[in-house]
Each structure stands twice: as C-alpha cells, then as structure tokens.
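All values below come from the heavy atoms of this structure, side chains included, with hydrogens, waters and symmetry mates left out.
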Amino acid sequence: MLNITDPVVKRFIENLHNAVERKNKNLSASSSYDDYILENRVIKLFCEEKTLDPRRCADEMNARYNTNLGNDGIIKILKANRLSYQAKRAELINWAEEAVEAFAKALESRKQKDYDNFMTLRNKVIQTRDDERYKIQERIACLMFYVRHPELDSNTDADSVEKFGNVYMKHLLYEASDFLKNICIKPKGNSKGEKKDSQQEKIELLENMLNRSDMLLKDLQDEFDARIKESHQNDLVEFFSQLNSEKYGCILDAVLSARNGVRQLRKGNVQLPPEIGGLFILIERFAQFIRDSEINPILKPGSIQNMRFDEIETCDYEGSPFLNTNEVKRVKVLSPGWIYKNKDVQIARPRLKEVV
C-alpha cells in the first residue's frame, strides 16, 4: 500500500484526481455509459481473481452490483473485448498487475531506473491470437490501479473511471505516466547550469497536457469511426444469428450439411432426378453467399475432437462436468458454430456432446 501521507504521493493523487475529473466533464451528458460500466466491472473482477470462470464471475456481479447476468452474458462481454480465451486474458492481467506494481515502486522510490522499468512494461505490446495489438490493454491497467491500490481513489474517481472506454483509459494512463516522470526524473540544468524553476516545470506540464489533448481528440475520432463500422457489423451478425436460431431451424447448419451431402452424392456419381437439380443449385449459391459475407464455421460438423475446459467454455457442451481446467474430454461436434471475420465475433456457439 502506498503511503498517502507522503507529500509527493498526495500530490500525485491530486493530479490523478484532476485528470479523471477533466475526462469526466468531457463526457457527453446525453450518452449512456451502461455498457462501459458493465464491462469495466467484469474486468475488475478478473483483475481481482484472474482464474475466475464466467459462471462464478456472473454470480459475483449479481451479488455485488445487483445485476441479472448469466454465464452467457459474461462470455458475451468477454468476446466483445477479445478476452474470451483464458490464457490471453491471464496474460493481459499479469502484465497489468506487473506494470501497476512497477508504477507504485517508482512512485515510492522516486528513482529514474524504476520509472524506466515501468515505461518498458507500459510500452510492451500484448497481441491477440490474430497477432493484433489489444486495444483494451491500457484500460485493464487503469482498472488494475484501483484494484491493487484503492488508496489512489480520491472521492469517487474509481466510480468515474468505470464510465471510460479504451481511449479515455489510455490517455489517463499516459497522463499518470507524465506525473510520474516529473517525480522521478530530476530537471536538468540549462546551458548556464541553472536548474528549471517550478514555473518552467509547470509550463512543460501544460504543454504536455495540450499535446495529450490533441492526441485524445484524434483517438476519439478514430474510436467513433470504429463504432460506426461496428454498428453495421452488428446488424450483419444479428441477421445471420437469426438465420441460425432454432426458431428458423438453424439454417446455416442446414445449408452446410446439405451442401456437403450434395457433394458426396456427386462424388459417388449418383444420378439425381432433374426436378430437384434447381434445389441443389440454390443450396450452392446460398453457401456461396454465406462465404462471401465472411461467415465461416468454427468446427468441422460431425468430427470427434479432444478439447480442454478453456476451449469448451465458449461452446454449448453436453456431458459430464470437468474435474479441473487441465482435463481433456473427447467430444463430437453436433453443430459447428459460426464466426464473422474476426475470430472473436461469434454468431452461433458450437454444440458439443461428450463421447463416452
């Protein structure tokens, strides 16, 4: 725990509080932050216990925040933020924990070497399974600050931060890094050997804040553009989700099965009545439409596979419970499940049954 009676630490907490307040005031009063708040609270629970599984996370959310979440609700939140794979989630949380403790050490020691160590960790890039940079990385680090060091919370800062998305969290972390730099790196003398006075330091800090504001505006515009694009993607995903719902007879599964059946018949040179030839053409064209829309099956239908718990937790599984996370079970793929473009945008979950 940081010594909050230390004048330097008190000054840092005050600067951090002012940074949170500035961002909080910039938030549009007409916007809804419910999604961010829900996501950030889920992430904080995993920061507290990284081995948490979705079901226990849902139970804790319901008990702590009076929500009405189930296992599927937590998985949906994790998928939306590309955190559904336990190993990658643990890697991010381990990094955030290490970075926050390096920050705390530098804040206590005031040594440049500790600050440099923190910056090395802060700038480390954690990649997704598709070798892309995690945009949520700094967000997890900010949330970890208030999990590991609740003494940093001034008034309602921890609650305010729960309203922030990736961009605001990233710039909050960068501003905190600037404050730490001013504490750890002693001002150098000018050409006459004179040290900078407090007024010069204040001017430098204001210049950094101005530059950071310009970067924030650009990042917010990029985030806005990405959200517009995501809204179109969500419409497409919703359309194909409805197609593969039980209400409409799991059409995606049926088309895939029918297409594979037609191809098997053709390989066997089976003579089919010409009256149904048009139906087979329709199936092929529908399958082509699905592929052109970048909708792809996750698993091979009817296949038998060995799977671990972390692989099965994102599927609908029928069988005996897992005794531990390392256990491997043999399962049959009843329904392949479907994804759109990015592997974390899931349209339908695979259905698996344990092979006894």
Electrostatic pair Arg56:Glu49 at N-O distance under 4.0 angstrom: yes
Lys88/Glu91 salt bridge by N-O under 4.0 Å criterion: yes
Asp316 and Arg351 ion-paired at < 4.0 Å: no
No-hydrogen, no-angle side-chain donor-acceptor test under 3.5 Å, Glu354 and Tyr317: yes
Gly165 backbone acceptor or donor facing Glu39 side chain under 3.5 Å: no
Check: Lys23/Ser160 side-chain N/O donor and acceptor closer than 3.5 Å: no
Exam field: side chain Asn244 to backbone Ala348, donor-acceptor pair closer than 3.5 Å: no
Tyr340 backbone acceptor or donor facing Asn296 side chain under 3.5 Å: no
Arg41/Asp159 under salt bridge (charged side-chain N to carboxylate O under 4.0 Å, His left out): CA gap, chis, key distance, verdict: CA-CA 10 Å; Arg41 287 176 174 176; Asp159 292 337; 5.5 Å; no
Electrostatic pair Lys79-Asp72, nearest N-O below 4.0 angstrom: no
Met119 backbone acceptor or donor facing Asn123 side chain under 3.5 Å: yes
Pair Gln288, Asp292: side-chain N/O donor-acceptor within cut-off below 3.5 Å: yes
Charged tip of Lys329 within 45° of Phe322 ring normal and under 6.0 Å: yes
Arg89 NZ/CZ over Phe46 ring centroid, <6.0 Å and within 45° of normal: yes
Within 6.0 angstrom of Lys44 NZ, more than 12 heavy atoms from elsewhere: yes
Salt-bridge present (Glu138, Arg133; N to O < 4.0 Å): yes
Side-chain heavy-atom pair Asn40, Val161 within 4.5 angstrom cut-off: no
Whether Phe12 and Phe103 hold their rings parallel, tilted or perpendicular, with breakpoints at 30° and 60°: tilted
Electrostatic pair Arg64:Glu48 at N-O distance under 4.0 angstrom: yes
Electrostatic pair Glu101:Arg148 at N-O distance under 4.0 angstrom: yes
Heavy-atom donor-acceptor pair, Glu318 side chain to Leu352 backbone, under 3.5 Å: no
Closest heavy-atom pair and its distance - Met169, Cys142: O-SG, 3.1 Å
Asp153 side chain to Asp157 backbone, donor-acceptor under 3.5 Å: yes
Heavy-atom closest contact (Pro336 atom, Leu256 atom, distance): CG-CD2, 3.9 Å
Whether Phe164 and Tyr168 hold their rings parallel, tilted or perpendicular, with breakpoints at 30° and 60°: perpendicular
